[in-house]
Each structure stands twice: as C-alpha cells, then as structure tokens.
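First the structure, in the form of structure tokens, and then the observations on it.
Numbered from 1 within each chain, the chains take letters A, B, ... in sequence-line order. No experiment lies behind these values; they were computed from the predicted model shown.
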Amino acid sequence: MTSAEAVPPAPILELVALHKNFGPLKVLDGIDLAVRPRELVFVIGPSGSGKSTLLRCCNRLEEPDSGAVIVDGADIMRPGTDLNAVRQKIGMVFQSFNLYPHMTALGNVTLALRKVQGLARDAAEARGRAALAQVGLADKENSYPNALSGGQQQRVGIARALALGPKIVLFDEPTSALDPELVGSVLAVMRELKAAGMTMVVVSHELAFARAAADRVVFMEGGRIVEQGSPEAIFGNPREARTRAFVSRLSQGHG
Amino acid sequence: MDNGLERLVFAFFNAEIAAAWAPKILEGMWVTILVSLAVVATGLALGLALAALRAYRIGPVDVAIVAFVDILRALPPLVVIIILFFAFPYLDLPMSAFTATWLSLSLVLAAFAEEIWWAGILAVPRGQWEAARSTGLGFGATLGYVVLPQAVRMTVPPLVNRVIAVTKGTALGSVVALSEIVSQASSAASLAGNPTPLTLGAAAYLAIFVPVVVLGRWLETRFAWKR
Ligand SMILES: Nc1ncnc2c1ncn2[C@@H]1O[C@H](COP(=O)(O)OP(=O)(O)OP(=O)(O)O)[C@@H](O)[C@H]1O
Ligand SMILES: [Mg+2]
C-alpha cells in the first residue's frame, strides 16, 4: 500500500467469513479476503490447508456452508443468482489443465463463447484466436490436446478462461503438473497477464514467480489465513512461526 | 471314395436349387436389413436418452431406468419377442411380427447401450465437468457438449460388439413368422427338400454382417485417441 489514494477501489472479489466443512473436517474456517482490481494474490499453504477449496468456493464449484462471496459487487451466495453468468466473470485454470480431449485448441477456447455467450461461430473464433495469440499459441488452433505439450495445454487452458473476458482469473497450481522445463512458458504468460492488469488469485509453489509478480502473499493453514503481506514480508520476515517454518521448507524443497 | 463329397455338394451347394430360391433369400435379406437398421436406430437413440437422463440423478427416474435395464438384460430376447407378439393383442394392441421383433430388440439394445454409455459417462474425469461448469456451461450443456461425446467415443468397442450381437437376434423373428433370412431359408429348404437355401441364408448373413464388423473395427480405430 504505497499509493496515497484516499478511497481504495472496490474489490473485484471479496470473501466474508467463508466456512466449508467436509463432514467433521473444517476445510475453510472463516476466511476473509478481498482482492482489489489488478491485484495478484498469491496463496501458499501446506497440503490439505484448503487452498483449492477456497478457489472452488469463489465460483461455487464447491458450495460454501456459510459466508459471503461477493463478485464485482454482487453476493453470489444470494438465492436467484445466475451462476452461469457469474462464472463468465471468473476464469479458472486447473492443475491438470482439464482440456476437452475431443476438441481442438480453438474448440476448447470457443465452446463457452458459443454455447453460453451465444456468439456466432465466426465471432467466437475471432475471439478464440485472439485469446490463443495472447498465450503464444496462434499456430496451434487446430491441434488436439494430445498433440500439445503440457505447457501448451495449460496455456490453452488459460486462453479458454481469458476468451470469456473475465474480471478475475483463479489459478490452482497451474504449473505443478508440468515438467520443469515447461513451467517457464506458463509463468511467462501469467506475468504478461499481470502486466496487462488482470486481477489474479494464484495458488502455487513457485516462489520466484511470487517474488516477481505477487502484490500480496497469503499463507493458509487449517482452513484459516494465518498471515498475509508483501512477498518480501512473508518470505523474508514472517511474523508467525508457522509461516516461517512453511516458507523455509518450501524454499528448500524448490532449491 | 468321392461319393460323400458329391452328396454334400448336391445337398448344400446345389446350383439349380440355389438359383431357384435365391429371390426368396434376397427378400429375407431385405427384411433382416430393415429390422436391423430400425433396431439400431431406435435402440441406440433410446439408450443414449436413458443414459443422459440418468446423469441427472433424479431418484425415482434412476430406479425406473435401472429396473428397465436389469430386466431387459436378464430376459432372453426370444422371450421378449414372444411376450410382445402374443400378449399385446390381448390388450387390443395389434402387433405384427415386424413390430414385435423391432420393438423387442430395440428395448434389449437400449438396455445394454444405456449400461455401456452410463459407464462411459462415469469414466469421464470430474475435471471435465468442473472445467466446463467453470466457463458457465450449464449441466445439460456440459453433458451434451463435453461429457457425452467423450463417453460415446470411449465406449465404441463394447457398443459395436453389442450392436452386432443384438441385430443378429433378428433371426429370432422367425419364431413369430417374420419373413427374414432364417424363416425364408428354412421354409425354402423344406419345400425344396434340399438344404441349399440354408447355405444361401448363411451367405446372406455374411454379406450383411462382415461389412458391419469391418465398419466397427474402423470406428474403433477412428475414435481411439490418446488422452
Ligand atoms: N470433495 C471432498 N470431500 C471430502 N473431503 C474433501 C473434498 N475435497 C477436499 N477435501 C478435503 O479437504 C481438505 C482441503 O482440501 P484442498 O484440496 O482444499 O486442500 P489444498 O490446500 O488444495 O491441498 P493441496 O496442496 O494438496 O492441493 C483436505 O483434507 C481434503 O482431503
Ligand atoms: Mg489443492
């Protein structure tokens, strides 16, 4: 917060007292988080701490038990919310890409444009091509997923999210399934996206990326936010012992 | 020494008799093809509809579908044909041999196809649903554009086998006097006092089903893709 703005811009995404249980397990135990426009929030935490569940509650792929999820000013937990319309505003990128194997890269990117946004084929393909170009895959529009490398597949996954014109994109360990030499191409796309002003929430272990691109790092454990702050603060000088322990394990693990 | 062979040729490969009865066998072949096509179209359409319906997981509907599927998989197709053919007229529902055979085998194929496609739907990874739903596609659109196309492709080999097995069951129509290949061939054989028409019948089946088997094999390779 170095700016001198008197009124901070309204958050694009705001979670208020979010709770989610799986049976007796409190997976999200009162999460409050506001993501401002153009912000990149980087989420870290041990396995099972609820990071994926947190992201999945933001577009109600997972149904929160209580709390509010406010997207672009509207509480999407309110009954009568048109979820399919809301989901157009929230892009999601998955660890395992989840591309449709029976469709080309362009087919993957244009499906929702055509079937949800109702664009004609030409218009959808024009937008789809632009999205593929944005992730550096203009020449791969006719390739099926099985003919693409993991890095290329993930970039198609990003293009699929971007094509819909989202206000925010959620990334759940976007590079964890990739061979090390392919990670860079995906992170480069994400960095460009950040530079272009996209609002992003990224769950990942790529600390170098966080240092370079994150505005804020959030450390989660046991379904709660333990600590948050600038990358320098969280990685260099965390207040909490648990954060310190996790960060040092993480940086050792990733050499 | 060649006496036996000569008699075999006279009995089963008698050119004169073959020529005389070939038109009857061709008639039967035409009927077999028509019933088979009708069974494949109806059975697969109904099976797909049931599998799609089951994906919505509506309790009572599920129970009804599973009951239908289990009963029709358990009953011999011949029994289904006989029940429809002989029982329906009691309900004042006219039932021709063609209708009874077509309807019975369609129901049987639908039951097996539903089971195969439902297994295919379950085998589509959860991530496919999540990716599609996250882009705003509704349940039905996700099922139709993302899940079913994959489920159908995955299940081509078992489905092709089942389609062939069930359509060969058109021979059972002979029991209710449907004038398909078997019924034409066996009545021709007894009228001619010579089994050559049965040979023609076998040839007719090969003419129909060898191309189907080949087509099935082609479909299997065409739709096999690496994940
Ligand atoms: N559908 C589910 N049913 C039951 N338990 C679940 C379900 N999804 C997640 N969990 C449990 O909730 C907890 C949090 O899971 P989550 O996937 O959110 O963790 P995570 O922080 O993303 O972990 P990881 O780093 O391993 O991806 C875990 O203990 C997990 O086993
Ligand atoms: Mg996770």
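- In this structure the side chain of Pro101(A) reaches within 4.5 angstrom of the side chain of Gln128(B), judged on heavy atoms.
- To the nearest 0.5 Å, atoms CE (Met103(A)) and CD (Gln150(B)) are separated by 8.0 Å.
- More than 12 heavy-atom neighbours from other residues, nucleotides or ligands sit within 6.0 angstrom of CH2 on Trp129(B).
- Distance check: Thr135(B) OG1 to Arg160(A) CZ gives 7.0 Å after rounding to the nearest 0.5 Å.
- Contact annotation for Ile90(A): only backbone heavy atoms (N, CA, C, O) come within less than 4.5 Å of a heavy atom of chain B.
- Atom NZ of Lys24(B) is surrounded by 12 or fewer heavy atoms from other residues, nucleotides or ligands within 6.0 Å.
- Environment of CZ in Arg191(A): crowded, with over 12 heavy atoms of neighbouring residues, nucleotides or ligands closer than 6.0 Å.
- With contacts defined as side-chain heavy-atom distances shorter than 4.5 Å, the pair Ser134(B)/Phe94(A) qualifies.
- What you find for Arg133(B) and Asn84(A) is that their closest heavy atoms are NH2-OD1, 4.2 Å.
- In terms of heavy atoms, His102(A) sits closest to Pro149(B) at CD2-CB, 3.5 Å.
- Of the residues considered (Arg56(A), Lys89(A), Gln117(A), Arg60(A)), Arg56(A) shows the highest number of contacts with chain B, using heavy-atom pairs under 4.5 Å.
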